[in-house]
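Below: one structure, written as structure tokens.
All values below come from the heavy atoms of this structure, side chains included, with hydrogens, waters and symmetry mates left out.
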Amino acid sequence: MKKRCVVLLSGGLDSSTVLSMALAEGCSACALSFDYSQRHSIELDSARKVASSLGVEKHHVVKFDLREVAASALTSDMAGIPVTYVPARNTIFLSFALAWAEVLGAEQIFIGANAIDYSGYPDCRPEYLDAYEKMANLATKASVEGALHFRIRAPLIAMKKSDIIRKGTELGLDYSLTWSCYDPQPVARHSFRPCGRCDSCVLRRKGFTEAGIPDPLNV
């Protein structure tokens with residue numbers, strides 16, 4: 001049997017590429033997405049499409065309202081960190097993934113964090129991920145008893161956005177299924193287009209341009 005892994009899947013370009021990479025390694029991937037009342041919830045539709053197209057073993061969408069405790073960062077600047085930063089978001093997401101991984105017996109947790117072409121989020125840094133991995137192996141029954149040793153995998157951490165896009169294209173990922181925009185613009189009922197202005201749209205456009213590959217979403 002293939003070894004299981006848990007992959008955090010937002011439906012965005014990075015996490016979808018990571019899912020493709022995990023599957024290419026021969027992992028039986030269990031994808032985990034979150035409906036946390038984000039404005040750009042259209043990404044969940046993309047997550048479902050990506051998970052289905054790549055053939056994951058399981059795909060769960062966890063629903064909770066993060067606005068109840070973390071709404072302020074969406075509307076105000078904090079010490080130079082972008083307004084799109086959500087307090088402790090990756091810590092919360094990884095904690096759900098860790099719990100599921102322990103239940104599944106999956107030692108590897110994949111996350112699409114990137115420390116080069118990113119917007120300055122503190123929870124996308126290598127030192128944060130290293131610290132979380134150490135915590136994970138101190139905090140779980142399976143690791144304390146020696147049954148599992150958890151690894152936090154961030155294969156995109158030192159890759160430029162253009163290299164990420166080239167890698168996903170090489171693996172056959174259909175980027176038309178992905179979504180990056182934080183501020184979707186309605187064009188018709190139940191139909192949206194990327195705003196083209198938010199940090200994520202700018203980074204996406206730059207990545208495709210530098211990769212020399214047309215963006216199927218025309219961001």
Side-chain angles (χ1 to χ4, degrees), residues 3-27 29-34 43 46-47 50-51 54 56 80-82 84-98 100-101 106-139 143 148-173 175 178-180 182 198-211 213 215:
K3 288 189 175 181
R4 283 173 166 166
C5 64
V6 173
V7 182
L8 292 176
L9 179 66
S10 70
L13 185 154
D14 291 344
S15 69
S16 299
T17 304
V18 166
L19 177 56
S20 294
M21 294 171 74
L23 290 166
E25 287 186 11
C27 176
C30 299
L32 188 61
S33 305
F34 299 93
E43 69 179 6
S46 291
V50 169
L54 294 179
V56 300
I81 295 173
T84 49
Y85 165 72
V86 178
R89 178 168 55 183
N90 278 349
T91 302
I92 294 168
F93 290 176
L94 281 170
S95 295
F96 275 103
L98 177 60
W100 199 28
E107 290 191 304
Q108 298 190 87
I109 299 170
F110 285 80
I111 182 172
N114 180 270
I116 296 181
D117 285 339
Y118 79 122
S119 299
Y121 302 132
D123 53 3
C124 286
R125 296 174 297 163
E127 53 266 44
Y128 161 77
L129 297 171
D130 289 343
Y132 193 94
E133 180 175 288
K134 291 176 183 176
M135 184 280 299
N137 285 295
L138 289 170
S143 58
L148 297 172
H149 181 79
F150 295 105
R151 293 182 61 202
I152 307 300
R153 298 282 308 278
L156 310 185
I157 197 71
M159 294 176 67
K160 293 183 61 178
K161 189 71 74 177
S162 55
D163 293 330
I164 294 169
I165 292 166
R166 290 190 188 101
K167 183 64 177 179
T169 301
E170 174 190 321
L171 293 173
L173 175 61
Y175 281 115
T178 67
W179 185 267
S180 301
Y182 287 134
C198 69
D199 287 349
S200 192
C201 279
V202 170
L203 288 172
R204 181 180 176 120
R205 181 167 58 246
K206 179 174 179 283
F208 273 100
T209 299
E210 291 181 353
I213 297 172
D215 182 354

_Short side-chain to backbone donor-acceptor contact, Asn137 and His149, under 3.5 Å_ = no
_So, using side-chain contact (heavy atoms from CB on, under 4.5 Å) as the criterion, who are the partners of Leu23 when residues are at least two apart?_
Leu19, Ala29, Leu54
*Taking the side chain as C-beta and beyond, is there a heavy-atom pair between Phe34 and Leu8 under 4.5 Å?*
yes
*Which residues pass the side-chain contact (heavy atoms from CB on, under 4.5 Å) test with Leu148, sequence neighbours left out?*
Glu107, Ala142, Phe150
*Spacing of CD1 belonging to Ile111 relative to CG belonging to Leu32, to within rounding of 0.5 Å*: 11.0 Å
*Locate the shortest heavy-atom distance separating Ile116 from Ala158; write the atom from each residue and the value.*
CD1-O, 2.9 Å
_For Ile164 against Asn114, the heavy-atom pair lying closest together_ = CD1-ND2, 3.7 Å
*Decide yes or no on side-chain contact (heavy atoms from CB on, under 4.5 Å) for Leu9 and Phe110, but give the supporting numbers first.*
CA-CA 9 Å; Leu9 179 66; Phe110 285 80; over 6 Å; no
*Nearest 0.5 Å please: distance from the CE atom of Met159 over to the NZ atom of Lys167.*
7.0 Å
*Report the residues that fulfil disulfide bond (SG atoms under 2.5 Å apart) with Cys30, sequence neighbours left out, ordered by chain and then residue number.*
none
*Over all heavy atoms of both residues, which pair between Cys5 and Ala22 is shortest? Give the atoms and the distance, please.*
SG-CB, 4.1 Å
*Would you please name every residue forming a side-chain hydrogen bond (donor to acceptor under 3.5 Å, both in side chains) with Ser33, sequence neighbours left out?*
His59
*Chi angles and distances behind the side-chain contact (heavy atoms from CB on, under 4.5 Å) call for Arg205, Asp215*: CA-CA 7 Å; Arg205 181 167 58 246; Asp215 182 354; over 6 Å; no
_Results of side-chain hydrogen bond (donor to acceptor under 3.5 Å, both in side chains) for Ser15 - residues two or more places apart only_ = Ser10
*Can you name the ring pair (Phe, Tyr, Trp, His ring centres under 6.0 Å) partners of Tyr128, sequence neighbours left out?*
none
_Residue pair Glu133 / Leu129, side-chain heavy-atom distance below 4.5 Å_ = no
_Test ring pair (Phe, Tyr, Trp, His ring centres under 6.0 Å) applied to Tyr132 - qualifying residues, sequence neighbours left out_ = none
_Please determine whether side-chain contact (heavy atoms from CB on, under 4.5 Å) holds for the pair Asp14 and Lys161, giving the CA-CA distance in whole Å, both sets of side-chain angles, and the decisive distance to 0.1 Å._
CA-CA 8 Å; Asp14 291 344; Lys161 189 71 74 177; 2.9 Å; yes
*To the nearest 0.5 Å, how far apart are CG in Leu138 and CE in Met135?*
8.5 Å
_Closest approach of Ala115 to Cys124 (non-hydrogen atoms, all atoms of both residues)_ = CB-O, 4.0 Å
_Tell me every residue that passes side-chain hydrogen bond (donor to acceptor under 3.5 Å, both in side chains) with Asp163, counting only those two or more places apart in sequence or in another chain._
Arg166
*Using the test side-chain hydrogen bond (donor to acceptor under 3.5 Å, both in side chains), find all partners of Arg153 that sit at least two apart in sequence or belong to another chain.*
Glu25, Gln108
*asked:* Please find the pair of heavy atoms, one from Gly112 and one from Val18, that lie closest to each other, and give the distance.
replied: CA-CG2, 3.7 Å
*How close do Tyr182 and Arg89 get, heavy atom to heavy atom, and via which atoms?*
OH-NH2, 4.4 Å
_I'd like to check the side-chain contact (heavy atoms from CB on, under 4.5 Å) partners of Ala106; sequence neighbours left out, ordered by chain and number._
Arg4, Val6, Ala101, Leu104
_Distance in Å, Thr178 OG1 paired with Leu173 CG, rounded so as to fall on 0.5 Å steps_ = 7.0 Å
_Pairing residues for Thr169 by the side-chain contact (heavy atoms from CB on, under 4.5 Å) criterion, not counting sequence neighbours_ = Ile165, Tyr175, Ile213
*From Leu156 atom CG to Leu13 atom CG, the distance as rounded to the nearest 0.5 Å*: 9.0 Å
